[in-house]
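Step one of this worksheet: look at the structure below.
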Amino acid sequence: AVPVPALLFLGLAPPAGATTLYTCNSSALSAAVASFNTATSNQTITLKSGCVYSPSSTLVVTNHLHHLTIYGNSSTISGENLIRVFEVSAGANLTLTKVVVSQGNTLSSGGGGAGVLNNGTLTLNSSIVTGNSSDDQSPGGGILSTGSLAVNASWITGNTANDRGVGGIWADGGSVTISNSVIANNVGTTGVGGGGLAVTTGNVWVTNSTLANNVADQSAGGAGIYVG
């Protein structure tokens, strides 16, 4: 198996003027995202290093006019296997830098994109999406994207779609750009190809990246990448 890195890539620092969370308070993170949704300028939220944030409900980004960046300091935002972690609404714009998105789960609520459901613009920089599980009959254990998705120097690993889905990334419309990244150890089952990455409509570009040890239903094929 391809191991998950112990440390994320170095060299990215939060911008000056960011909203900084000085504790591991999950409610404070939820409040900061909610505050951004009515903000009148671009904003950055900086997480405290070494934390696991476990919000009680999905972090939904709805501001269509401004851009939110979450600088994670390698901290984790977890759904605790109870909720989807992030949702980006159509027209909204979210960047995750040095963030671990884990244990998102839509088995009770339904739908794909247990880690992130992206209907807007999502950028991952030096981040990890891991250990997320989507609902049966729903694609994208890690990420379901119908908008614009850019994955830079990041890992999509160990995600599962439990029935009829793609474990890593499912792109259904829009565009996907993956560079200098790893998509590995993801599992998609029952009738749909692309354990790591599936693109049903839209455009995809993959450069300088590794796809390894992904698993798809034998009848569908395309364990690494499925386009169709």
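All figures in this text were calculated on a predicted structure; none of them were measured in a lab.
A distance of 9.5 Å separates CG of Asn180 from OG1 of Thr210, quoted to the nearest 0.5 Å. Thr121 contributes atom OG1, which lies 10.5 Å from atom NE2 of His64 (distance to the nearest 0.5 angstrom). How far OG1 of Thr106 is from CZ of Arg84: 6.0 Å, rounded to the nearest 0.5 Å. The distance from the CD1 atom of Ile128 to the OG atom of Ser74 is 8.0 Å, given to the nearest 0.5 Å. The distance from the OG1 atom of Thr62 to the CG atom of Asn119 is 12.5 Å, given to the nearest 0.5 Å. Taken to the nearest 0.5 Å, the CG atom of Leu21 stands 8.0 Å off from the OG1 atom of Thr46.
For the pair Leu124/Ile143, a side-chain contact is recorded, criterion being any heavy-atom separation below 4.5 Å from C-beta on. Phe86 places a side-chain heavy atom less than 4.5 Å from the side chain of Ile70. Between Thr130 and Trp155 there is no side-chain heavy-atom pair separated by less than 4.5 Å. Considering only heavy atoms from C-beta on, Tyr71 comes within 4.5 Å of Lys98 through its side chain. Contact annotation: the side chain of Trp205 approaches that of Ser175 to within less than 4.5 Å [non-hydrogen atoms, C-beta and beyond]. Side-chain atoms of Leu47 and Ile77, non-hydrogen and from C-beta on, do get closer than 4.5 Å to each other. Between Leu96 and Val129 there is no side-chain heavy-atom pair separated by less than 4.5 Å. Looking at heavy atoms from C-beta onward, Val52 lies out of side-chain contact with Cys24 at the 4.5 angstrom threshold.
In this structure, Tyr53 contributes its side chain and Lys48 its backbone to a donor-acceptor pair below 3.5 Å. The closest donor-acceptor contact from the side chain of Asn159 to the backbone of Gly131 lies under 3.5 Å. Between the Thr69 side chain and the Thr44 main chain, no donor and acceptor come within less than 3.5 Å of each other. Of the possible polar contacts, none joining the Ser126 side chain to the Ser154 backbone as a donor-acceptor pair under 3.5 Å is found.
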Passes side chain to side chain contact (heavy atoms under 4.5 Å, CB included), Leu211 versus Val206? Steps please.
CA-CA 10 Å; Leu211 287 90; Val206 180; 4.3 Å; yes
Kindly indicate, with the supporting measurements, whether the criterion side chain to side chain contact (heavy atoms under 4.5 Å, CB included) is fulfilled by Leu68 and Asn63.
CA-CA 9 Å; Leu68 175 63; Asn63 191 326; over 6 Å; no
Could you walk me through whether Asn42 and His67 pass the side chain to side chain donor-acceptor pair (under 3.5 Å) test, one step at a time?
CA-CA 5 Å; Asn42 297 338; His67 181 188; 5.3 Å; no
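Contact between Pro55 and Ser26 at its shortest, heavy atoms only, is N-CB, 4.0 Å. Across all their heavy atoms, Ser75 and Gly50 have their closest contact at OG-N, 3.1 Å. For the residue pair Asn214 and Asn185, the shortest heavy atom distance occurs at OD1-N, 3.4 Å. The minimum heavy-atom distance linking Asn186 with Ile156 is given by the pair ND2-O, 3.0 Å. Nearest approach of Leu59 to Ser30, heavy atoms of both residues: CD2-OG, 3.6 Å. The two atoms that bring Ser134 and Gly140 nearest to each other are CB-O, 3.9 Å, heavy atoms only.
For the residue pair Ser145 and Asn118, a side-chain donor N or O sits within less than 3.5 Å of a side-chain acceptor on the partner. Ser179 and Asn152 share a donor-acceptor pair across their side chains, judged by distance under 3.5 Å alone. Glu80 and Ser54 share a donor-acceptor pair across their side chains, judged by distance under 3.5 Å alone.
There is no path of hydrophobic side-chain contacts, each under 4.5 Å, that joins Val101 to Val60.
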